[in-house]
Each structure stands twice: as C-alpha cells, then as structure tokens.
Amino acid sequence: MTTRGPGQPVLFGMDFRLLGPFEARHRGRPVEVGSRRQERCLLGVLLLDTGRVVPTERLIDLLWNGRPPASARGAVQTYIGRLRGSLTPYGVRISTRGEGYLVEADGHRVDVDEFGELVRAAGVAADPGERVRLLDRGLALWRGPLLADAADGELRDRLHGTVEELRLVAVELRAEAQLALGQHARAIAELMPLAARHPTREQLVAVLMTALYRGARQADALRLYRITRQVLVDELGVEPGPRLREVHRRILRGDDRLDRPGRPVYEVRVRDESLPWSVGGHPALDFCNTFAGWGHEPPLPGAEWLRGYRTLAVWAGHVGLLDDVSVSRLLHLARRDPDRAEAVLDEARGLRQALYGCLTRPDDRRAFDAVARYAEAAAKELVFRSETDGRGRWWPELAAGLRMPLHAVAWSAAQLLADPRRLTLRSCPDERCGWLFLDESGLRRWCSLGTCGRSPDRSRCHSA
C-alpha cells in the first residue's frame with residue numbers, strides 16, 4: 001500500500017510497459033487503457049516524462065506529426081478525460097498544470113525508467129559480472145520498438161531517439177563487460193547484427209573488432225574496419241576517430257593489450273560519449289579537467305576532451321547544467337546545422353582555455369575578462385523557473401539554440417569565480433595530470449584520482 005498524502009491511501013502502483021507494444025498492468029493483471037491508438041500514444045508520451053509537465057502544444061505536435069487539425073486541442077482534452085476515467089481507480093493521476101499535463105509519480109513503474117536506472121547502475125559497477133547481470137535485466141525489458149502498437153514510424157523517430165541511444169549504449173557496455181569475462185563469442189554474436197544496422201557507430205565497431213581479434217578472427221576484424229572506414233568517408237566525409245584507429249593499429253601489430261579490458265577504470269560514458277571524470281566538485285572545474293593522467297602510452301590525450309559538439313551537449317546534461325529534453329533538442333539541431341555547432345564548439349574551447357587560465361593564474365586579468373564576457377552574454381539568455389521540488393533555478397533559455405551549453409558553462413563559471421571556495425582551488429602538479437580540485441582542508445597537494453601519475457606514491461592524496 002502506498003499513499004498520496006496523509007489519510008489518502010491508494011492501491012499499489014501500476015506497471016506500464018512502453019518498450020514494445022503498450023501494456024498496462026495492475027498486480028500482474030492487464031488493464032484496458034485507451035480505446036483509441038492516439039489515447040495510448042498520448043499516455044505513453046506523458047509516461048516518458050512522468051512527474052514533469054508536457055505542454056499541450058507538444059502533445060498536439062507529436063500526436064499529429066506537426067499537422068494537427070483545428071479540433072486537435074479539444075481532442076487532447078477528450079483523450080485526457082477518457083484516460084482519467086480508466087486510470088483513476090488504479091491510483092493514476094493525470095494532472096493539469098498551466099498549459100500542459102503530467103502523470104504524477106505516485107509509485108507507478110514505467111519500464112523505460114527502470115531500464116535507465118539499470119543502465120546507470122551498470123555504468124558505475126566495478127565488477128564486470130555484476131555489470132552483465134544488470135544489463136541483462138535491463139535489455140530483457142525490451143519487447144520491441146518503443147510504443148510499437150501506438151506510435152507510427154515518424155513519431156517513433158521523434159520520440160525514441162534518446163531511449164534507443166541508451167539501448168545501444170547498454171549493448172556496448174555489456175559487450176565490454178563480456179570481454180572482461182572472456183566471453184568474446186557471446187559479444188560477437190550480439191554485436192554483429194547491430195554493426196550491420198549501425199555502421200557509423202564507432203564505439204560498437206571498436207568493441208566488435210576487439211572481440212573478433214580475441215576470437216582469433218583477425219582478418220574479420222580488419223575487414224570490418226575497412227568497411228566502417230569506407231562508410232564514414234563516403235557518407236560523412238570523415239576518417240575514423242582515435243579509438244577506432246587505435247584498435248586497428250593494435251590489431252595490425254598483434255598488440256597483446258587487446259587481450260585485456262581496454263577502457264579506463266575511471267571513464268564516464270553517457271550516450272556513447274566519454275566524458276571527463278568528475279573530480280573537481282564543481283561543473284566549471286570539470287569543464288577544465290582532462291583525460292590526461294590515465295596512464296596512457298604516449299602521446300597523451302592532453303587537454304582536449306571537447307571532441308565534438310555532441311560531447312559538449314551531453315556533458316552539460318550529465319552534470320546538470322541542462323535538462324535531458326534540452327540535450328536531445330541540441331543534438332537534433334547540431335545534426336541539422338553542423339557548421340553552426342562547430343562554431344559554438346570553437347567558442348567553448350576558447351572559454352575552457354580562458355577559464356583554466358583564470359583559475360590557475362588568479363592575476364591573469366585577460367583570462368578573467370574573457371570569462372566575464374561569456375558570463376555577461378549568458379546572463380541575458382537565462383530564465384528563472386520552478387523545478388518539480390519547488391525550488392527555483394536559473395536555466396539557459398531554449399531560444400539560445402546551439403549556444404545553450406556555452407551559456408550554461410559560462411554561468412557556472414561565473415558562480416565559481418564569485419564563490420569564496422575558489423580560494424581553496426588547487427591544481428595537481430603532475431605534468432601528466434593537471435586536474436583542478438577544491439581542497440577546503442588545505443592539506444592536499446595531489447588530486448585524489450588513483451590514475452594520477454604513474455608512481456604508486458602519487459596514486460593517493462598527499463599532505464602539502
């Protein structure tokens with residue numbers, strides 16, 4: 001038994017399944033919801049954002065694929081009324097908030113949310129066996145395409161990009177854990193069909209090439225690289241990225257390091273993007289931190305983690321500077337206007353350089369003024385809005401478009417520069433590291449990452 005509030009008991013939460021044909025269950029028994037496909041589709045859209053308001057205009061746009069009839073708003077109101085009639089007896093509340101609707105988070109289970117939680121738990125699990133177990137559970141929730149019987153192909157493309165992306169990340173994470181367990185044959189069987197459907201997904205191809213190599217199929221691994229490279233050049237006009245090239249190089253050399261797990265222990269990976277490990281204690285610091293210090297063979301990766309606009313946007317969402325809806329929108333805009341995205345990325349790199357200088361050289365007036373200009377521009381594009389927990393927060397305005405993550409970082413940087421804790425900022429002196437971190441104890445000299453430097457005495461914090 002759960003409660004909505006004092007004296008308001010409700011039945012056990014509903015079980016909603018969106019990963020495949022729409023299903024609603026209560027205590028294991030099917031519940032008929034929505035006599036029309038569009039009603040189930042509308043409920044599915046609301047459940048994808050349980051606890052958050054979905055504007056009526058967005059519902060209309062999605063349900064009619066941008067071509068709504070004049071009666072669309074009235075139809076949505078009718079669908080909401082019918083859904084309330086079907087679901088209220090089971091404790092499901094669909095609330096009207098301003099110009100939108102939301103499904104209240106009253107303990108109901110949504111398989112999309114459960115899937116995301118399992119993938120996130122797997123991402124931080126140190127034991128590869130536990131990682132495989134969690135991802136097996138998550139991937140078993142998939143019974144077919146998202147809302148298979150309620151959304152058409154066009155709507156699914158608009159809705160399921162984030163969920164499908166997470167599914168592919170889960171498959172890749174599981175394959176890497178399988179390699180760590182010596183299960184390369186299983187990894188090959190699962191990745192081969194996906195590589196054929198996603199030939200430009202370099203992370204997937206890199207893992208598959210490694211699995212093939214470990215399975216004594218070096219020729220197949222090299223053939224896969226040639227095919228992938230040709231597709232990247234022909235379709236996107238780019239060469240394979242550094243990770244894929246490195247795997248190819250090691251296969252050609254028969255490098256025995258391919259027989260060991262290749263991912264750094266401290267790697268943070270979100271939406272197939274490798275992000276800087278959060279050690280600074282503040283987003284503005286982590287924006288400056290790098291992949292250096294992970295014990296890589298030369299040449300070191302240096303300070304450039306901003307490989308693409310996608311990385312910047314995903315990172316901004318990961319550290320809470322943007323919400324997930326904004327990140328998805330930015331990735332869509334970047335695909336439509338790659339030149340503009342690249343220009344914003346160049347600005348972000350400039351901001352990173354200025355911010356790093358400002359934080360490590362407090363008397364660098366030029367660096368401070370450069371950060372100040374970015375912060376002042378950001379301040380003009382911020383809106384103050386209420387969150388679901390009732391607290392207010394400044395967010396970049398959607399109208400900023402592709403510049404949203406740049407404004408978010410600049411605003412975070414301004415907050416750090418105004419924070420007295422900035423006086424406790426330290427930089428790890430190891431030339432292969434340079435991590436920035438806050439040390440309010442005043443005792444630390446080296447950063448606390450076990451990856452810092454290569455000598456054992458530098459893998460722990462030291463007294464100054």
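As a basis for the values below, the full set of heavy atoms in this structure was taken, side chains included, without hydrogen atoms, waters or symmetry mates.
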Point to revise | Value rounded to 0.5 Å, distance of CD in Gln218 from CD1 in Ile251 | key: 7.0 Å
Practice item. To the nearest 0.5 Å, tell me how far Phe16 CZ sits from Leu47 CG. Key: 5.0 Å
Exercise for review: Let me see the working for Phe115 and Trp142 under ring-ring contact (aromatic ring centres under 6.0 Å, His included), right down to the final yes or no.
Suggested key: CA-CA 9 Å; Phe115 174 64; Trp142 285 77; 5.7 Å; yes
Study note, to complete from the structure: Distance col, row Leu355:CG vs Cys288:SG, nearest 0.5 angstrom, shows 3.5 Å
Check your understanding: Ala408 and Leu322: which non-hydrogen atoms are nearest, and at how many Å?
Key -> CB-CD2, 4.2 Å
Exercise for review: Without swapping roles, check the side chain of Gln203 against the backbone of Glu172 for a donor-acceptor pair under 3.5 Å.
Suggested key: no
Check your understanding: Stepwise, does the side-chain contact (heavy atoms from CB on, under 4.5 Å) test hold for Leu359 with Leu416?
Key -> CA-CA 9 Å; Leu359 295 174; Leu416 177 61; 4.0 Å; yes
Check your understanding: Sub-3.5 Å donor-acceptor pair from the side chain of Thr210 to the main-chain atoms of Ala206, do we have one?
Key -> yes
Point to revise | Residues in salt bridge (charged side-chain N to carboxylate O under 4.0 Å, His left out) contact with Asp220, at least two apart in sequence or another chain | key: Arg217, Arg223
**Study point:** Residues in salt bridge (charged side-chain N to carboxylate O under 4.0 Å, His left out) contact with Glu99, at least two apart in sequence or another chain
**Key:** Arg73
Study note, to complete from the structure: Smallest heavy-atom separation, Ala170 atom then Leu135 atom, equals O-CD1, 3.7 Å
Point to revise | Reported CG-to-OH distance for the pair Leu285 and Tyr356, which is rounded to 0.5 angstrom | key: 10.5 Å
Practice item. Please determine if Glu235 and Arg229 form a salt bridge, counting it only when a charged side-chain N lies under 4.0 Å from a carboxylate O. Key: no
Exercise for review: Check the pair Asp346, Arg349 against salt bridge (charged side-chain N to carboxylate O under 4.0 Å, His left out), reporting the backbone distance first and the verdict last.
Suggested key: CA-CA 5 Å; Asp346 286 342; Arg349 290 169 176 153; 3.3 Å; yes
Check your understanding: Atom CZ of Arg17 and atom CG of Leu19: how far apart are they, to the nearest 0.5 Å?
Key -> 10.5 Å
Check your understanding: When you check the gap from the basic side-chain N to the acidic O, do Glu190 and Arg174 get nearer than 4.0 Å?
Key -> yes
Exercise for review: Determine, for Asp364 against Arg361, whether the closest basic-nitrogen to carboxylate-oxygen distance falls under 4.0 angstrom.
Suggested key: yes
Review point. Are Glu202 and Val205 close enough, and set up right, to give a side-chain contact (heavy atoms from CB on, under 4.5 Å), and what steps lead you there?
Key: CA-CA 5 Å; Glu202 296 186 48; Val205 172; 5.5 Å; no
Exercise for review: Taking Arg97 for its side chain and Val53 for its backbone only, find out whether a donor-acceptor pair lies under 3.5 Å.
Suggested key: no
Check your understanding: When you measure from the side chain of Thr228 to the backbone N and O of Leu224, does any donor-acceptor pair fall under 3.5 Å?
Key -> yes
Practice item. To the nearest 0.5 angstrom, please state how far the CG atom of Leu312 sits from the CG atom of Leu406. Key: 7.5 Å
Check your understanding: Which is it for Arg245 and Tyr225 under the side-chain contact (heavy atoms from CB on, under 4.5 Å) test, yes or no, and what are the steps along the way?
Key -> CA-CA 9 Å; Arg245 293 199 307 271; Tyr225 178 83; 3.8 Å; yes
Review point. Given the side-chain rings of Phe287 and Trp315, with only the six-membered ring counted for Trp, is the space between their centroids under 6.0 Å?
Key: yes
Review point. Near Glu104 CD, under 6.0 Å, is it more than 12 heavy atoms from other residues, nucleotides or ligands?
Key: yes
Check your understanding: Do NZ/NE/NH1/NH2 and the carboxylate oxygens of Glu117 and Arg120 come within less than 4.0 Å?
Key -> no
Practice item. Kindly say whether Arg52 contributes a backbone atom to a donor-acceptor pair with the side chain of Asp49 at under 3.5 angstrom? Key: no
Point to revise | Donor-acceptor pair, side chain of Arg131 and main chain of Ala122, under 3.5 angstrom | key: yes
Point to revise | Glu376 and Arg373 ion-paired at < 4.0 Å | key: no
**Study point:** Heavy-atom side-chain proximity of Tyr101 to Leu42 below 4.5 angstrom
**Key:** no
**Study point:** Short side-chain to backbone donor-acceptor contact, Asp111 and Leu18, under 3.5 Å
**Key:** yes
Check your understanding: Between the side chain of Arg58 and the main-chain N/O of Thr56, is any donor-acceptor distance below 3.5 Å?
Key -> no
Practice item. Begin from the C-alpha positions of His108 and Thr50 and carry the test side-chain contact (heavy atoms from CB on, under 4.5 Å) through to its verdict. Key: CA-CA 9 Å; His108 309 296; Thr50 301; over 6 Å; no
